[in-house]
Amino acid sequence: MAHSKSRAADGKITYPPGVKEISSNISKEEMVRRLKMVVKTFMDMDQDSEEEKELYLNLALHLASDFFLKHPDKDVRLLVACCLADIFRIYAPEAPYTSPDKLKDIFMFITRQLKGLEDTKSAQFNRYFYLLENIAWVKSYNICFELEDSNEIFTQLYRTLFQVINNGHNQKVHMHMVDLMSSIVCEGDSVSQELLDTVLVNLVPAHKNLNKQAYDLAKALLKRTAQAIEPYITNFFNLVLMLGKTSVSDLSEHVFDLILELYNIDSHLLLSVLPQLEFKLKSNDNDERLQVVKLLAKMFGAKDSELAAQNKPLWQCYLGRFNDIHVPIRLECVKFASHCLMNHPDLAKDLTEFLKVRSHDPEEAIRHDVIVSIVTAAKKDLTLVNDALLNFVKERTLDKRWRVRKEAMMGLAQIYKKYSLQGEGGKEAANQISWIKDKLLHIYYQNSIDDRLLVERIFAQYMVPHNLETTERMKCLYYLYATLDTNAVKALNEMWKCQNMLRHHVKDLLDLVKQPKSDAGSKAVFAKVMVITRNLPDPGKAQDFVKKLAQVLDDDERIRNQLETLVSPACSCKQAQVCVRDITKKLGSPKQPSNPFLEMVKFLLERIAPVHIDTESISALVKQVNKSIDGTAEDDEEGVPTEQAIRAGLELLKVLSFTHPVSFHSAETFESLLGCLKMDDEKVAEAALQIFKNTGSKMEESFPHIKSVLLPVLQTKAKRGPPRQAKYAIHCIHAMFTHRDTHFAQIFEPLHKGLDLEDLDQLITPLTTLGHLALLAPEQFAAPLKSLVANFIVKDLLMSDRIPGKKTTKLWVPDDEVSSETLAKIQGIKLMVRWLLGVKNTLSKSGNSTLRMLTAILHSDGDLTEQGKMGKPDMSRLRLAAACALLKLAQEPCYHEIITLEQYQLCALVINDECYQVRQGFAQKLHKGLCRLRLPLEYLAVFALCAKDPVKERRAHARQCLVKNITIRREYLKQHAAVSEKLFSLLPEYVVPYAIHLLVHDPDYIKVQDIEQLKDIKESLWFILEIIMSKNENNSHAFIRKMVENIKQTKDAQAPTDAKINEKLYTVCDVAMNIIVSKSTTYSLESPKDPVLPTRYFTKPDKNFSNTKNYLPPEMKSFFTPGKPKAANVLGTVNKPLASAGKPIQSKASRMETASNEDSTSNPSSPQLSLACPPVSVPDGFIDNTAFLQDSDKPRGRKRGAASSNLDDNPSPKPKRGRKKAAAVDPEDQWGEESRLGDAQTEDEQNSPPKKGRRGRSTKAAAANQETPAKGRGRGRKKATPPPEEEDEGGEEEEEEEEEEEENMELKTKVGRPARAARRSTQRSECIWSILHSYFQTCPEATPALSWLCA
């Protein structure tokens, strides 16, 4: 080495052989040539060549001179750099350069040359690569560790390499760069912040997106140097996060992005940083917390992340942010949930509880995103979400905001289509989400038109996709219908009915448009436009659009023709699609992408277009039913028992026969239905008969061969078939055949002559058939029917008891245990009523006689003969039949006029009958008649008596009936402004006079000033007034107050001279007035109208009489508590299995918004609102369906007739109160014919007679004065029954519906009414004699029967 130094001191430069001196005196080309030879020489040298190293030492020093380092030619600089790199390799570990400044210049020079790596297509690229490879392999830059400016050198090197890396470089370039840089980090003493920034800046998203290769290089470097660089990274985050020293680095603002990237690269880089994030999650700065939440969402949600398992405290702290006070933070947490569910199913359990809370969040956006998160995960893989998460989506289908409801409904629809329809998850997945189809259809019970339209769209696109091939589409519909629950079936039926109704409205509009212009025509068009508008979203805007559509139809004949084709009964599904496409294309405009008018037209076309059902579809559906009958269908594979599939298929055809009757007109279809008539299954045959009735109007002309085979079958069914089939057979003949009189006569004569009381089992079908013949052809059989009713029905059947009833304490038994004699008597009562309904006003005397007969049955508790032979269950059946018959007659104006007030009051008392099933069945008929606006308004007042029902459910149901009926009437008045002349019979407020009058004549109201009795009166009045006063529309409170004041100036028209009755009237008026005053703040305003009082109930006011006296005892005032009436939310009738009976429904205004949009028990059985009634308004928000506790309340039982005067002296002990949790509502527990009771009570306990005096009867008042009824305990309820509903199966006749309900009613007693007292047989005997006498007067040919009476 000493020798080499001496040689260097000589300054003589030795060049390799063949290389002349390299200086500034030669040309560039020559210099390049000579340098290449030098490069070649140094490349061939190795570290062991001591002589050569000494020989070329001066050349090495010469090449490091400024002449070369600053040479303007890049080729020269490149060759020099390659030489210098080799020199460092050859002379390692000690470089020939000792000056720190020179070393800095050399390495900065080499770094600058590395920029040449950027151009991979350059001719010199290989030399640049050689340079990189050389310095990386030798780790030449490690020499700089001892230099003061080493950080500057390294930083520049790093920047250069990150700048030049690109997608043209191969893996070797990438590897050498990583080797070069990692050696500096791993072997150096420290990493400066500047150098660290040079690496980390490539991880910032903005830089990452600009140069993906630089990001990959930094990522590889950090992975290689993780252990060495981790302390410097930790120090950086400590300074920024904990100490807030953001000035230490320009990357401080990107600190959270860097944490995410570093975690994704190597979690070990952040071992000491993650605990700092837990601290930051609890920061008081909202924005800072939000940034940390966003960061952790990505870290926890990453596909291969194990952070939640590795750092549980941080995970739990993060979950706490789901309940953060800052809305954007909660929103971010919810958005994260879908990624977490998809990538980490094991964390679903932790997320479930927090998502449950957020699904009830006050913020709409958060509730919406909860749905999106769950649905997104479920659509990826159903196993990722548990049932609880899906239940949250189900609950949100009842959210108060349309956006959330829509997202939930669409999400469920998409899940259903993927896993149930397309079967992607197998049978297990299909079973898991089998409830979705029911739930989606239940939403059709909601009153919002948006909800209904979305259900229709979901049905057409996801449940039974309309674009399927016909056979496949009908198969899909067939098995869907067979597996729906009862309420979903009703919703689907109603959907078809609504669409069919709208189709008829549009057809009517087309007919009106084609008529000549006139004022009357314009008014008719406007009225029809208004009707159509109510079937579209946002009726306010839709009205203008429908008007515009009417104008377009008037002007454009082509569009009119296409729309006529669309609404034609013969339109096929393919034709419908073409018409819809052509109409929308014609009305659309490319220049106007957003066209609200076109959107409205699309909504309308969606609803009226027959995209599922046409003749071909019905034929395919019938074939599918036949396959099930033949045993060749795939019923078992679809999970549907064959018998269930056949029944459902026939029911489906029955419903479609109402909405699409023309589609059934094919010989193949009718022949298949004929085959169904011969099946043993009664339900199948019944459905087939109904289909024939609905679709066979043109059978005689078009299908005579079918008619010739069908007629004998119908006649046989009418004579000897089951009662229901006999009924349908008669209606079939009436609907299908022109010579029906002849066919009726062929049936009537043998049945009339063959009536035999000795064989009661065979009597029910003939009575059913004769009853319907009396209804449909009263004039044809006028004389024989008159005799039949007087002689056979009244004298022989109703007035005699042949078979002693079973001695039992039960008040009700199932249908199959009812005696044949009782069933025959019920059919006899129905026959009388049908006969009267057929003849209507022509036989008024018979009407009076029948009414007296029915009231006599009620007077005698069902035992008309009073011989004591009848069992209590049979008597209950007859009381119910008589009461329902009275309601049926009251729906006809001619008979309503002759029903006396006493008969009306006696009929009303049935709602307080001792038998639970009688009360229930009667209330159902009452509700149905009122909903159809058939029963007069005074019958709505009957529900006031339900306030005394001892069963909480019954009171709750009665309240729901009132809400529904009052809402229907108000909506009807809004939609029919022209019926102002009928205001007296429609306006709900006019029920108040009837309620007051009914309570005045309540048999339990005996002592005028009795506090307990007045409290009952107050409860009954408030039962109705609470709902009526919930809205003060048009100052209705003042109107009611004026009405009560006017009543007080009159007398009771039923007993105008009875001072006690009139005192009762004024006392009840004072009770009503005090309720109004205590519950209203506007009662004192001017009444909008002068009320009109019913003259049948009240005398005309006496102008000379001013009744200002207060008739209430002073102690009554404490019972009138002030407070505003709670809103009668109609949607509560839909969503709540049962309201908290006996208590007002909690006002949502008094609760947090979070609770107001909660629906914790939404289940497939929840919808119960009848769909047959006019639409009603939708309240803002939905009712919380949380299960409630039921109280076994003190029975508010009715005291016997006229209770004893010493009642107050012997007070009964108050009953004990029990508490039971409400059982879940079963879909089969309909409020009508299919009600079932919980199984905790035995039948004997349920049906044993109650221990409290029964509702008094007006005729027993005198006898009851001698009795003191004992109070007993009300029995506990076992199961909540759903709200009342009106069944209107596909438009079937009301008579048929009610018949079906009565025949299928199998109810079990829950709570009995008080026990009956001794009868006054002499009064009843006189009443029965009077009735019979009137019948014989109206039927002279029956006079010989008087001898029987004497006997």
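- A salt bridge does not link Arg367 to Glu407: none of the charged side-chain nitrogens sits closer than 4.0 Å to a carboxylate oxygen.
- Crowding of Glu288 atom CD: a count of heavy atoms from other residues, nucleotides or ligands under 6.0 Å exceeding 12.
- For the pair Asp149 and Lys104, the salt-bridge criterion is met [side-chain N within less than 4.0 Å of a carboxylate O].
- In terms of the side-chain contact (heavy atoms from CB on, under 4.5 Å) criterion, Ala309 has no residue partners (sequence neighbours excluded).
- Heavy atoms of other residues, nucleotides or ligands lying less than 6.0 angstrom from CD of Glu424 number more than 12.
- Between Arg289 and Asp285 there is no salt bridge, since no side-chain N of the basic residue sits under 4.0 Å from a carboxylate O of the acidic one.
- At distances below 3.5 Å, at least one donor-acceptor pair connects side-chain atoms of Asn202 with backbone N or O atoms of Val199.
- Counting only distance, with no hydrogens or angles, the side chain of His169 and the backbone of Asn166 share a donor-acceptor pair below 3.5 Å.
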Go through the steps to decide whether Gln193 and Asp197 satisfy the test side-chain hydrogen bond (donor to acceptor under 3.5 Å, both in side chains), and finish with yes or no. CA-CA 6 Å; Gln193 185 62 48; Asp197 286 354; 2.7 Å; yes
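- With sequence neighbours left out, Phe392 forms a ring-ring contact (aromatic ring centres under 6.0 Å, His included) with no residue at all.
- The pair Arg358-Asp361 counts as a salt bridge, with a side-chain nitrogen and a carboxylate oxygen less than 4.0 angstrom apart.
- Asn343 and Ser305 share no donor-acceptor pair across their side chains, judged by distance under 3.5 Å alone.
- No hydrogens or angles considered: a donor-acceptor pair under 3.5 Å links the side chains of Gln414 and Lys379.
- By the side-chain contact (heavy atoms from CB on, under 4.5 Å) test, Asn134 is found to be paired with Ala85, Asp86, Arg89, Tyr130, Val138, residues two or more places apart in sequence or in another chain being considered.
- Annotation: cation-pi pair Lys208/Tyr215 present, NZ/CZ under 6.0 Å from the ring centroid and within 45° of its normal.
- Taking CD1 of Ile415 as the reference point, atom OG1 of Thr376 lies at 9.0 Å (rounded to 0.5 Å).
- Relative orientation of the Phe107 and Tyr141 rings is tilted, given thresholds of 30° and 60° on the angle between their planes.
- Residues satisfying the side-chain contact (heavy atoms from CB on, under 4.5 Å) criterion with Glu278, sequence neighbours excluded, are Lys282, Pro313, Leu314, Cys317.
- With hydrogens and angles left out, the side-chain atoms of Ser150 and Glu146 include no donor and acceptor closer than 3.5 Å.
- Side chain of Ser122 to main chain of Gln124: a donor-acceptor pair is present (N/O by atom type, distance under 3.5 Å, no hydrogens or angles).
- Between Tyr158 and Ser182, the shortest heavy-atom distance links the atoms OH-N, 4.4 Å.
- A search for ring-ring contact (aromatic ring centres under 6.0 Å, His included) contacts involving Phe279 returns nothing, not counting sequence neighbours.
- Between Leu78 and Lys74 the shortest side-chain heavy-atom distance does not fall below 4.5 Å.
- Checked by atom type, the side-chain pair Trp137/Asp179 shows no donor-acceptor distance below 3.5 Å.
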Please step through side-chain hydrogen bond (donor to acceptor under 3.5 Å, both in side chains) for the pair Asn142 and Glu187, ending with a clear verdict. CA-CA 8 Å; Asn142 290 10; Glu187 299 179 24; 2.6 Å; yes
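- A donor-acceptor pair under 3.5 Å is absent between the side-chain atoms of Asp369 and the main chain of Val372, judged by distance alone.
- Side-chain atoms of His344 come within 3.5 Å of backbone atoms of Phe300 as a donor-acceptor pair (strictly under, hydrogens ignored).
- Counted within 6.0 Å of NZ on Lys102, heavy atoms from surrounding residues, nucleotides or ligands total more than 12; the atom is thus considered enclosed.
- A pairwise comparison of heavy atoms in Val292 and Leu277 identifies CG1-O, 3.9 Å as the closest pair.
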Using the rule given for side-chain hydrogen bond (donor to acceptor under 3.5 Å, both in side chains), can you reason through Asp101 versus Ser99, listing the C-alpha separation, both sets of side-chain angles and the distance that settles it, and then say yes or no? CA-CA 5 Å; Asp101 292 337; Ser99 167; 4.8 Å; no
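- Of all the heavy atoms in Ile374 and Val385, the pair that sits closest is O-CG1, 3.8 Å.
- Residues Thr111 and Gln156 bring no donor and acceptor atom of their side chains to less than 3.5 Å of each other.
- In this structure the side chain of Val173 reaches within 4.5 angstrom of the side chain of Phe125, judged on heavy atoms.
- Using a 4.5 Å cut-off on side-chain heavy atoms (C-beta onward), Arg77 and Arg112 make no contact.
- With His326 contributing its side chain and Pro328 its backbone, the two residues share no donor-acceptor pair below 3.5 Å.
- When all heavy atoms are compared, the tightest approach of Val393 to Ile371 is CA-CD1, 3.9 Å.
- A salt bridge between Lys219 and Asp266 is absent, with no side-chain N of the basic residue lying under 4.0 Å from a carboxylate O of the acidic one.
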Full working for side-chain hydrogen bond (donor to acceptor under 3.5 Å, both in side chains) between Thr352 and Asn386: CA-CA 9 Å; Thr352 299; Asn386 53 41; 3.1 Å; yes
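- Annotation: side chain of His174 is in contact with side chain of Val178 (closest heavy-atom distance under 4.5 Å).
- Counting heavy atoms from C-beta outward, Leu262 and Leu200 have side chains that approach closer than 4.5 Å.
- Using a 4.5 Å heavy-atom cutoff, the side chains of Asp324 and Cys333 are not in contact.
- The side-chain heavy atoms of Phe145 and Asp189, taken from C-beta on, include no pair separated by under 4.5 Å.
- Panel note: side chain Ser27, backbone Glu30; a donor-acceptor pair is recorded below 3.5 Å.
- With hydrogens and angles ignored, the 3.5 Å screen pairs a side-chain donor or acceptor of Thr198 with a backbone N or O of Glu194.
- Using a 4.5 Å cut-off on side-chain heavy atoms (C-beta onward), Asp257 and Leu203 make no contact.
- Partners of Glu118 according to the salt bridge (charged side-chain N to carboxylate O under 4.0 Å, His left out) rule, which considers only residues two or more places apart in sequence or in another chain, do not exist here.
- Here CD of Gln113 is found 10.5 Å from OG1 of Thr160. Values are rounded to the nearest 0.5 Å.
- Side chain of Asn209 to main chain of Pro205: a donor-acceptor pair is present (N/O by atom type, distance under 3.5 Å, no hydrogens or angles).
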